[in-house]
Amino acid sequence: MIWPVKKTLVLLAFAFVFAAISIDQTLAQQVSDAAKTEKTGKHSAALVNGYEPMWWKEAVVYQVYPRSFQDSNGDGIGDLNGITQHLDYLQNLGVNVIWLSPHYDSPNADNGYDIRDYRKVMKEFGTMADFDRMLSGIKARHMRLIIDLVVNHSSDEHRWFVESRSSKKNPYRDYYFWRDGKPNPADPAHPLPPNNYPSFFSGSAWQWDETTKQFYLHYFAVKQPDLNWDNPKVREDVFALMKFWLDKGVDGFRMDVIPLISKQPGLPDLTPQEMQDPPRLWANGPHRDEYLQQMNREVLSKYDVMTVGEAIGITLEEEPKIVNSDRHELNMVFNFDAVRVNRGDFYSEKKWKLPELKAIYDHHATALSKTDWDTVFLSNHDNPRLVSNFGDTSTAEFRVRSAKLIETMLMTLKGTPFIYQGDELAMTNYPFTKLNQFDDIEVKNAYKERVLGGKMAEAEFIAESQRFGRDNSRTPMQWSDAPNGGFTTPAAKPWLAVNPNYKEINAGQEQADPESVLHYTQRAIALHHAHLAFVYGDYKDLDPDNEQVYAFTRSLSMPGKPEERMLVVLNFGEKPVEYTLPGGMSAGKLVLANVPGTPEMGGSVLKLGAWDARVYTY
Ligand code: TEU
Ligand code: CA
């Protein structure tokens, strides 16, 4: 750990003189701060390439899945004090914002995405005092914290739902969707669901409740009843809990499945065509934008926050409705086009070629305007490990190179980049071989429906879940080669098994190796921060049809400054290639490469080895 010591010394030396100025302040942040202070009225004094500078546009975000990050008390479950222990690690990595997956009181039917009390910390994760300490530790290191807002649904153990299900007359009845069933001639005592909605987690989206003999709606698990946003009291209560956390000092929210909050009037059956893709309809309810605008007006606009919505069911063309700054809704959303480029139905694999991915990023760059903003990500807690999904894990060397190539791409494409914990180490998918190794409700329910329901062979189901199941990314962080990978004490049993490859792949080993994926990711993040071109610059794909090489530029002109011209060249695969840059273009000085010893000057023909990733000026 060379880094923290050096940084601490520097910090100590300057702390008194520059009390108010962060030494980590990048050029981008300075420009942004300057723009903010010069801001008069509605418009910023200094647009950058037509974009209004904002800290959240310039940020690199790191997602922490608290259950799997670090266990501090030997119960096998990650916790907030565990996160606090690693804040230097995150600061040294160079990320500015931490997105914390749900940390609230929850019975954990879906690992915290089922919230029982929005104002309480999950017992297993610690106390509110632990949260406050973590937050001040984050701020002390000039980072920010956004938390997960899961308000399309609550837990069925939330007080609102406990009240709601108790009687039809209860004042909380309309906090959720209750409906009579359809008559069931075959078995009159057990009516049929009110409509044909399927749940994301298999089966019907309706659950029968004996107490009042009605069904309630749950898009996700039976224990995740959908909140009724058409009830103004629900909106009021949600806005109040948002203020509760903002007043504590959190810097914004990642909003879970937020487009689903406005339900279809009358909840009619899906047509066979709509049944092909139910979220498409569910995400486009009539009041979605009205509710988000109300949220913005009453809550978000009163704070300096970052908001990112999980845009399930929203096409790229529709995104500006939510993210355009004139709409006053959210700052940005996660669009799934890229992360799902290799996905067929559910966990099945779809063969893909590089030009398809390029077309998606090109589409992003053209479909969004200067008053929209975008995210860049290829992993999270719902998707496989980054390198297993898009890189090459067939050899240790290719794993390292391909992971570095993907990190290079994420840090140079257009949009705020998001890194998922452990991907900076190139952690891999887990070698699942049987159902009982999984924890995820999505896998368990799908097994019942598909395998026990006779739709799929068990071996095929396990193979697909190994490839795409969500638990791949949820295995504990591999901090060291100690038993349990240093995630928990050697004697403890982690809530989900540590990947057996922790002895080779772990943070301790990577900290000691200057050529590790960890150190490389840190350099790639630093490069992102050092050049505004990677934030506000134009994007141009130089060779869209090339199936092996991804070459693109990011360029930025600012008054009174030399044009920033950056060229990114990525060889997607193990096949070496002598690549001639199109249009007589010539690569200039090398600024980042994933293979040590890469020549300092580029030229018009580049000899690219397996999984070579390079960034040049041009
Ligand atoms: O995910 C919603 C979502 O898009 C799911 O379809 C998810 O991508 C899918 O399960 C992957 O196969 C959000 C959360 O990110 C997820 O963890 C939660 O389980 C879900 O909402 C319910 O809150
Ligand atoms: Ca713990």
Side-chain angles (χ1 to χ4, degrees), residues 63 65-85 99 101-104 106 108-115 121-127 130 148-155 198-202 205 218-227 254-261 277-280 282-283 308-314 333-336 339-340 343-348 377 379-384 389 418 420 438-446 464-465 467-474 476-477 484 487-489 492-495:
Q63 182 188 356
Y65 195 69
R67 206 170 190 76
S68 305
F69 196 62
Q70 175 73 65
D71 174 22
S72 72
N73 63 352
D75 64 357
I77 299 173
D79 45 53
L80 300 184
N81 286 341
I83 299 170
T84 305
Q85 283 173 22
W99 152 24
S101 271
H103 64 283
Y104 315 88
S106 165
N108 287 305
D110 186 19
N111 285 353
Y113 283 89
D114 49 320
I115 296 170
V121 171
M122 192 189 296
K123 198 169 68 261
E124 297 92 315
F125 291 175
T127 62
D130 296 334
D148 221 306
L149 185 72
V150 189
V151 288
N152 171 70
H153 44 267
S154 73
S155 163
S199 155
F200 281 95
F201 292 155
S202 305
H218 62 90
Y219 282 170
F220 292 89
V222 170
K223 285 180 69 65
Q224 290 168 303
D226 281 53
L227 281 160
R254 175 268 185 185
M255 301 190 187
D256 194 64
V257 296
I258 198 71
L260 306 187
I261 57 176
D277 189 8
R280 281 286 302 131
W282 294 345
V308 49
E310 191 196 19
I312 185 165
I314 302 280
V333 295
F334 295 124
N335 172 289
F336 291 134
V339 72
R340 293 289 160 92
R343 196 80 75 93
D345 179 47
F346 195 54
Y347 291 163
S348 66
F377 74 101
S379 59
N380 60 28
H381 65 293
D382 292 334
N383 285 286
N389 205 7
F418 286 70
Y420 179 70
F438 291 92
D439 172 85
D440 185 13
I441 186 168
E442 182 170 86
V443 172
K444 290 183 170 166
N445 286 2
E464 288 194 350
S465 304
R467 174 68 180 83
F468 285 112
R470 308 194 298 179
D471 282 340
N472 283 301
S473 58
R474 299 174 180 187
M477 269 293 274
N484 285 325
F487 162 69
T488 181
T489 50
K493 186 171 161 19
W495 73 276

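Counting starts at 1 for both ligands and their atoms, in listed order.
Distance check: F200 CZ to F346 CZ gives 12.0 Å after rounding to the nearest 0.5 Å. The structure places OH of Y219 at 12.0 Å from NE2 of H153, a figure rounded to the nearest 0.5 Å. Interatomic distance, T84 OG1 to Q70 CD, rounded to the nearest 0.5 Å: 11.0 Å.
The shortest contact between atom 3 (C) of ligand 1 and any protein heavy atom is with E310 OE2, 3.6 Å.
Between H381 and ligand 1, at least one pair of N/O atoms sits closer than 3.5 Å.
A side-chain donor-acceptor contact under 3.5 Å links D114 to the backbone of A109. Side-chain atoms of E310 never come within 3.5 Å of backbone atoms of D256 as a donor-acceptor pair (strictly under, hydrogens ignored).
The side-chain hydrogen bond (donor to acceptor under 3.5 Å, both in side chains) search around D79 returns S72, not counting sequence neighbours.
The option with the heavy atom closest to atom 13 (C) of ligand 1, from among D256, V150, I115, D114, is D256. If you check each of R340, R470, E442 against atom 8 (O) of ligand 1, the one with the closest non-hydrogen atom is R340. Closest heavy-atom approach to atom 18 (C) of ligand 1 within the set D110, N380, L260: this belongs to D110.
Here R474 has side-chain heavy atoms under 4.0 Å from ligand 1, and that is the only part of it that gets that close. Of the heavy atoms in F468, none comes closer than 4.0 Å to ligand 1.
Side-chain contact annotation: T488 with D71, donor-acceptor N/O pair under 3.5 Å present. At a cut-off of 3.5 Å, with distance as the only test, a side-chain donor of Y113 or S101 sits close to an acceptor on the other residue.
Looking only at protein N/O/S atoms, the ones less than 3.0 Å from the Ca ion (ligand 2) make 5 in total.
Each of the atoms 6 (O) of ligand 1 lies under 4.0 Å from some heavy atom of F200. Here is the list of ligand 1 atoms found below 4.0 Å of a heavy atom in I312: 3 (C), 4 (O), 6 (O).
Taking the charged nitrogens against the carboxylate oxygens, R470 and D110 do have a contact shorter than 4.0 Å, which makes a salt bridge. Between D440 and R474 there is a salt bridge, since a side-chain N of the basic residue sits under 4.0 Å from a carboxylate O of the acidic one.
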